[in-house]
Amino acid sequence: KIQVGDTYSQKVKFHQKQIDTFAEISGDCNPLHINPEYAAKTPFGKPIVHCFFAGAVFSKVFGTEWPGEGTIYMYQDMTFRAPVFVEQDYVAKFLVEEVNPEKHRGLIKCTLEDAEGHVLMEGHAKLKHTEKF
């Protein structure tokens with residue numbers, strides 16, 4: 001069973017092809033994400049990953065790896081603190097802050113960090129899993 005204090009991490013890298021596909025699917029075709037010439041003229045200097053695409057790593061981990069299949073994703077908040085760039089290494093980190101075994105629920109702190117450990121995104125997720133919590 002997953003307990004308070006348990007952690008999990010997942011390495012992640014975002015590729016421009018993924019960003020272009022997300023722009024097409026979501027309809028968010030802001031040139032800041034898909035046009036290098038446009039993005040070069042912004043304060044970021046190059047294209048940035050859509051925040052909600054970067055945050056999708058949390059959903060991927062919860063639904064497929066930890067806790068995994070059977071997870072019901074009940075809630076997520078996210079704060080976007082700094083840009084996420086394509087073709088750079090990141091780590092999604094997870095920390096269990098609360099567990100309610102009677103309701104089979106857990107509150108998980110989620111962060112996305114760069115290679116130097118700077119937090120670029122952070123938030124909390126509430127999950128339900130009848131076997132893992």
Side-chain angles (χ1 to χ4, degrees):
K1 296 265 187 183
I2 295 174
Q3 301 293 322
V4 171
D6 286 355
T7 61
Y8 187 84
S9 64
Q10 173 74 68
K11 292 180 181 180
V12 63
K13 183 181 282 194
F14 303 97
H15 306 285
Q16 190 62 50
K17 184 176 180 179
Q18 295 172 312
I19 305 315
D20 294 344
T21 300
F22 184 81
E24 183 179 328
I25 292 168
S26 69
D28 181 355
C29 296
N30 183 334
L32 178 58
H33 304 297
I34 58 176
N35 184 322
E37 293 79 26
Y38 177 90
K41 298 174 188 172
T42 71
F44 303 116
K46 55 187 172 181
I48 62 172
V49 177
H50 298 81
C51 293
F52 279 97
F53 182 65
V57 67
F58 302 147
S59 179
K60 174 205 176 249
V61 166
F62 294 145
T64 64
E65 299 173 21
W66 186 81
E69 186 176 330
T71 298
I72 299 172
Y73 206 154
M74 301 176 67
Y75 171 85
Q76 177 75 58
D77 66 14
M78 288 186 285
T79 301
F80 311 116
R81 299 176 69 189
V84 176
F85 297 103
V86 297
E87 305 303 335
Q88 291 188 14
D89 294 322
Y90 298 100
V91 178
K93 294 185 177 180
F94 305 87
L95 169 65
V96 180
E97 293 188 332
E98 296 176 18
V99 171
N100 181 331
E102 293 80 29
K103 293 188 176 186
H104 305 285
R105 294 182 182 169
L107 181 68
I108 315 296
K109 181 177 182 180
C110 314
T111 59
L112 184 67
E113 300 179 11
D114 65 14
E116 291 78 40
H118 300 109
V119 176
L120 310 176
M121 296 175 60
E122 64 183 344
H124 287 86
K126 186 183 292 184
L127 309 176
K128 181 173 183 168
H129 197 295
T130 56
E131 296 172 6
K132 303 286 177 97
F133 290 113

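- With a 4.5 Å cut-off on side-chain heavy atoms, Y8 and V96 do not count as touching.
- Sorted by first and then second residue, the side chain to side chain donor-acceptor pair (under 3.5 Å) pairs with a member in residues 68-80 read Y73-Q76, Y75-D77; sequence neighbours excluded.
- For residues 33-56, no residue pair satisfies the salt bridge (Lys or Arg N to Asp or Glu O under 4.0 Å) rule, not counting sequence neighbours.
- Checked against ring-ring contact (aromatic ring centres under 6.0 Å, His included), F80 has the following partners two or more places apart in sequence or in another chain: F52.
- The two residues A54 and L112 make their nearest non-hydrogen contact at CB-CD2, 4.2 Å.
- The salt bridge (Lys or Arg N to Asp or Glu O under 4.0 Å) contacts involving residues 54-64 comprise K60-E65, where partners must be two or more places apart or lie in separate chains.
- Legend: ring-ring contact (aromatic ring centres under 6.0 Å, His included) pairs involving residues 109-133, not counting sequence neighbours: none detected.
- Y38 pairs by the side chain to side chain donor-acceptor pair (under 3.5 Å) definition with nothing, not counting sequence neighbours.
- Evaluation of the salt bridge (Lys or Arg N to Asp or Glu O under 4.0 Å) test over residues 6-31, restricted to residues two or more places apart or in two chains, returns K13-D89.
- In the hydrophobic clustering of this structure, M78 groups with I48; members are Ile, Leu, Val, Met, Phe, Trp, Tyr whose side-chain heavy atoms approach within less than 4.5 Å, directly or through other members.
- Residue pairs meeting the salt bridge (Lys or Arg N to Asp or Glu O under 4.0 Å) criterion with at least one partner in residues 99-124, sequence neighbours excluded, are R81-E122, K93-E113.
- Counting only residues at least two apart or on different chains, the ring-ring contact (aromatic ring centres under 6.0 Å, His included) pairs with a member in residues 85-110 are F58-F94, F62-F94.
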